[in-house]
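Working notes for the structure below.
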There are 2 protein chains.
Amino acid sequence: MDTPLATVLGRGMPQIPQPRSPVSVSDRMWSVMACFRLQEGPLTLGAISLRTGLPKTTVHRMVAQMARSGFLDRVDDGVTLGMRLFELGHQVPRSRRLRDLALPVLEDLQETTRTTVHLAVLNGTDALYVEILRPPRTQPLPSRVGGRLPAYSTGVGKALLAHAGESPFAATCKNGLRPLTPSTIRNENALRAELAWIRANGVAFDREESAVGIVCVAAPVFGAASKLLGALSVTGRRNELEVDRLAATIRMAGLSITRRLRDAAAVA
Amino acid sequence: MDTPLATVLGRGMPQIPQPRSPVSVSDRMWSVMACFRLQEGPLTLGAISLRTGLPKTTVHRMVAQMARSGFLDRVDDGVTLGMRLFELGHQVPRSRRLRDLALPVLEDLQETTRTTVHLAVLNGTDALYVEILRPPRTQPLPSRVGGRLPAYSTGVGKALLAHAGESPFAATCKNGLRPLTPSTIRNENALRAELAWIRANGVAFDREESAVGIVCVAAPVFGAASKLLGALSVTGRRNELEVDRLAATIRMAGLSITRRLRDAAAVA
DNA sequence: GGCGGCGTTCCGGAGAACGGGACGCTGCCC
DNA sequence: GGGCAGCGTCCCGTTCTCCGGAACGCCGCC
């Protein structure tokens, strides 16, 4: 994500005239798409060239091709991600199946708790939000469907990390624990202990670890063969949400979804 | 969409040994992604090879590259669309901006009418659903976020088509009007008249034209400079929804969103 | 008029993509 | 057990597509 393509390409580092590691077109296409940021308008070819480190000519050609294929859209003065990507994104089965089966339970949870409900999956070392239900007419929290946060710093993320086995944990430690707030876990051993606690108790708490003033309770969701599929959480402002009282409710919701997933798997 | 890649590639037609029209990798990648269908499990390499018309070896290599880039995910026994696509799909600005600004109004509409609310944009000659709000605990309608239907056959679609200018209308006629139900408009002149009526009245009705037993009322949404951005609709079962009584409400909602979009554009 | 930035076109060179062919594996059926 | 169909994978010579520097036309601005 933050890897500048120049690194991947072995460019922008003139001091080392490496034979230039072979780069697939697929890599280049990815890097072009990845340089679009949320909350930004269209990008010019020049901007894309700058961000990817690809020569202007190359960007020109690739954008033309990708626009023909529908990956990108040409708008009045620039380029944006294309509607075909929107379409494809909603067909990704990993998120889709989970979401569809979890939705009724999430709705119940949303209605009984009157708070914001999150559903997330683990992607690399990040928690990636798959669905968010907000109570109508409230100041929305900053979380976004399709957005991601480091797993160790959020409730859903820790619930995921706790049940995902050793390798994501190791990767997390290797990446380093950068604190988002004063309360974010910043120590490998503390994280290990926290995850053990989460495994033992079936819920994860987030006490202002991802954003100041925001707290949350989360529980994991499993599929057939006890495979970790995702996690759900209830989130709110510190003075409006009593996380301890909701722990049992969230665990319950997690188990409900797990049950639904297993039943669906049995039918299919 | 339904174009077999073999055609694009000039393959599979041995009788004409054309010099083989040049095909970009981007096209091939697109065709690989496009052969995944909703409600389907993972595909094997062989299946992808079959659907795209690409040689097995080529598919093997491309899938490997695309999986490395995150476009695809390798699962136990096959390949699926990757989580990165999910992520990218949610950043597409055309749908994102519209959705974000329309959402509060859609929620109000959902709450006051207690029915399913749709938000869609025009993509080619199809209506592409960008957001759907369903009343909790109801039998869901078949529509899907990220799904598409021919514009001429749905309420939102006709509202879009009516205000999209001549070219989408011409394309629609060229594609042919395939009826989805006995009530679907199947005549070019009838469609033209219907669209004129919609422009004059500001709302579009769908009386079981896209699915038997399903009716809907729709209205367009415009942005700055009166540019058509999308359309919204309220949908329900024939015996539960009185479309005529809701016409004014939907028009009102459409205008509210239009206003919000203009205000937001003025600020930005 | 000079200039910086934009998007665009051209074209020779080269390296990534291509795909036929062959291999090892599994599961199925005679 | 042998044959076989289908799977994923690997090898490797060919070649076609991608690559990107250079140059161009265009606008808006000091």
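Naming: A, B, ... by sequence-line order, numbering from 1 per chain. Keep in mind it's a predicted model, so treat the numbers as computed, not measured.
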Looking at A/Arg61, I'd like to know whether one of its side-chain N or O atoms comes within less than 4.0 Å of OP1 or OP2 on D/dG20. no
Parsed dot-bracket for DNA chain C after applying the Watson-Crick and G-U rules with both distances under 3.5 Å and | for other-strand partners is .||||.||||||||||||||||||||||||
Sorted by chain and number, sequence neighbours left out, side-chain contact (heavy atoms from CB on, under 4.5 Å) with A/Leu38 holds for B/Gln91, B/Arg96
Distances under 3.5 Å between nitrogen or oxygen atoms of protein and nucleotides 4-8 of chain D:
residue	atom	partner	partner atom	Å
D/dG8	OP1	B/Leu45	N	2.8
D/dG8	OP2	B/Leu45	N	3.4
D/dG8	OP2	B/Gly46	N	3.0

d(B/Leu106 CG, B/Ile132 CD1) to nearest 0.5 Å is 11.0 Å
Sorted by chain and residue number, the ring pair (Phe, Tyr, Trp, His ring centres under 6.0 Å) partners of B/His60 (sequence neighbours excluded) come out as none
From the candidates C/dG20, C/dA17, D/dA22, the one with an atom nearest any side-chain atom of B/Pro55 is C/dG20
Atom CE of B/Met62 and atom P of D/dC18 are separated, to the nearest Å, by 11 Å
Here the distance between atom C1' of D/dC18 and atom CE of A/Met66, to the nearest Å, is 15 Å
Sorted by chain and number, sequence neighbours left out, side-chain contact (heavy atoms from CB on, under 4.5 Å) with B/Ala47 holds for B/Leu43, B/Thr44
Residues at least two apart in sequence or cross-chain that pass side-chain contact (heavy atoms from CB on, under 4.5 Å) with B/Leu177, listed by chain then number, are B/Tyr152, B/Thr172, B/Leu191
To the nearest angstrom, the CZ-P distance between A/Arg28 and D/dT17 comes to 17 Å
For B/Glu131, the side chain to side chain donor-acceptor pair (under 3.5 Å) test, sequence neighbours excluded, returns B/Arg99
Check nucleotides 25-30 of chain D against the protein and report each pair of N or O atoms closer than 3.5 Å, with its distance, or say if there are none.
none

Fill in: Side-chain donor/acceptor of A/Arg51 to backbone N/O of A/Cys35, under 3.5 Å
yes
Determine: side-chain N/O of A/Gln65 to OP1/OP2 of D/dT17, distance under 4.0 Å, yes or no.
no
Sequence neighbours excluded, the answer for side chain to side chain donor-acceptor pair (under 3.5 Å) partners of B/Asp73 is none
In short, ring-ring contact (aromatic ring centres under 6.0 Å, His included) pairs touching residues 75-96 of chain B with sequence neighbours left out are A/His90-B/His90, B/Phe86-B/His90
Closest to the side chain of B/Thr57, out of D/dC18, C/dA17, D/dC11, is D/dC11
Applied to residues 161-173 of chain A, the salt bridge (Lys or Arg N to Asp or Glu O under 4.0 Å) test, sequence neighbours excluded, yields none
Q.
On the nucleotide C/dG19, are OP1 or OP2 found under 4.0 Å from the side-chain N or O atoms that B/Thr58 carries?
A. yes
side-chain contact (heavy atoms from CB on, under 4.5 Å) filter on A/Thr58, not counting sequence neighbours, yields A/Pro55, A/Arg61, A/Met62
